[in-house]
Amino acid sequence: PERRGEVETLVGGISLSAYLPNQYYAGTLGMVTYDDKILSNAHVIAMNPETGEFLNIGTDIIQPGSGDGGNTGDQVGELEAYIPIDFDPDAENYADAAIGSIDIGVEASPGEQFYEGDNYWVEGWTEVYIGDTIRKSGRTTGVTTGKVTHTNVFVVVRYGDQLAYFM
C-alpha cells in the first residue's frame with residue numbers, strides 16, 4: 001500500500017502516471033535520475049492508455065498515479081521526452097522509456113529505490129550477463145529478483161489491444 005500512496009520524497013518503485021482527466025491508471029516511477037529527472041516507461045507517463053496515442057510534451061505527471069487516487073493537485077513534474085512505441089508489426093522497438101521534469105519544491109532522492117525493508121540505491125551502470133542476478137522495485141510487484149537467462153532477444157509486449165515488437 002505504501003507504494004501506491006502519496007509519498008513525501010520521490011523514489012523509484014512508487015506509483016505515478018500522467019494526468020489525464022477522467023482516466024484512472026498508474027504505473028511505476030523507475031527512478032529519480034542523478035540529474036533530477038523522473039525516469040519511467042513511455043506507456044506510463046507519455047501514452048494515453050485508452051487510445052494508445054502519445055501525449056504532448058508538458059503533460060502533467062502526478063504522484064500517486066490516478067489509478068491510486070492521484071489527481072491534478074498531485075502534480076510532481078511534466079513530461080519532457082519519450083521514445084515512441086511503434087505498433088506496426090514490422091516495427092523494431094528498442095525501449096519503452098520516458099523522462100519528466102521534477103517541479104520546484106518537490107523532494108526527490110536520486111537513485112533511491114523503495115524497499116519494504118531498507119531502501120537501496122542504484123548507482124552507475126553495468127553490463128549484465130547470462131546468470132547474473134538482477135532486481136527491480138515496482139509499484140505492483142514490490143522488489144523482485146531474477147536471473148538473466150537470455151540476451152539479445154525478440155519480445156512481443158501487449159499494450160491493451162495493441163502489440164509492440166522489441167528487439
For this session: Tell me who clusters with Tyr19, hydrophobic residues only, linked when side chains sit under 4.5 Å apart either directly or through other members.
Result: Ile62
Exercise. Below 4.5 Å, heavy atoms only, C-beta onward: do Val157 and Leu163 meet side chain to side chain?
Worked result: no
For this session: Go through the steps for Leu29 and Val11 under the test side chain to side chain contact (heavy atoms under 4.5 Å, CB included), then give the verdict.
Result: CA-CA 7 Å; Leu29 191 164; Val11 297; over 6 Å; no
For this session: Heavy atoms only: give me the nearest Ala42-Phe54 pair and the separation to one decimal.
Result: CB-CE2, 4.2 Å
For this session: Identify the two heavy atoms, one from Val44 and one from Gly27, that lie closest to each other, and give their separation to 0.1 Å.
Result: CG1-CA, 3.7 Å
For this session: Inspect the surroundings of OH in Tyr25 and state if more than 12 heavy atoms from other residues, nucleotides or ligands are less than 6.0 Å away.
Result: yes
Exercise. According to the side chain to side chain donor-acceptor pair (under 3.5 Å) rule, which pairs have a member within residues 46-56, sequence neighbours left out?
Worked result: Gln23-Asn48
Exercise. What is the distance from atom OG of Ser101 to atom CG of Leu79, rounded to the nearest 0.5 Å?
Worked result: 8.5 Å
For this session: Heavy atoms only: give me the nearest Ser17-Ala26 pair and the separation to one decimal.
Result: CB-CA, 4.2 Å
Exercise. Between atom CD1 of Ile45 and atom OG1 of Thr28, what is the distance when rounded to the nearest 0.5 Å?
Worked result: 11.5 Å
What side-chain donor-acceptor pairs closer than 3.5 Å can you find for residues 69-77, not counting sequence neighbours?
| from | atom 1 | to | atom 2 | distance (Å) |
| --- | --- | --- | --- | --- |
| Asp74 | OD2 | Asn71 | N | 2.8 |
| Gln75 | NE2 | Gly77 | O | 3.4 |
| Gln75 | NE2 | Asp103 | OD2 | 3.2 |

Problem set entry | Atom pair CD1 (Ile85) and CG (Asn93), whose distance is rounded to the nearest 0.5 Å | 6.5 Å
For this session: Return the minimal non-hydrogen interatomic distance between Val32 and Ser109, and the atom names on each side.
Result: CB-O, 3.9 Å
Exercise. Can you name the closest pair of heavy atoms from Phe114 and Ser137 and give their distance?
Worked result: O-OG, 2.7 Å
Seminar exercise, completed: In terms of heavy-atom contacts, Ser15 and Gly65 come closest through OG-N, 2.8 Å
Problem set entry | Listed once per pair and sorted, the side chain to side chain donor-acceptor pair (under 3.5 Å) pairs that draw on residues 152-167, sequence neighbours left out | Asp96-Tyr159
For this session: For the pair Gln113 (side chain) and Val143 (backbone), establish whether a donor and an acceptor sit closer than 3.5 Å, ignoring hydrogens and angles.
Result: no
Problem set entry | Thr33 OG1 to Ile99 CD1 distance, which is reported to the nearest 0.5 Å | 5.5 Å
Problem set entry | Reported CE-to-CH2 distance for the pair Met31 and Trp121, which is rounded to 0.5 angstrom | 11.5 Å
Problem set entry | Selection residues 116-139 - residue pairs positive for salt bridge (charged side-chain N to carboxylate O under 4.0 Å, His left out), sequence neighbours left out | Arg3-Glu116, Asp68-Arg139
Exercise. Can you list every pair that meets side chain to side chain donor-acceptor pair (under 3.5 Å) and has a residue in residues 77-87, with sequence neighbours left out?
Worked result: Lys37-Glu80
Problem set entry | Under 3.5 Å side-chain donor-acceptor pair for Glu92 and Tyr94 | yes
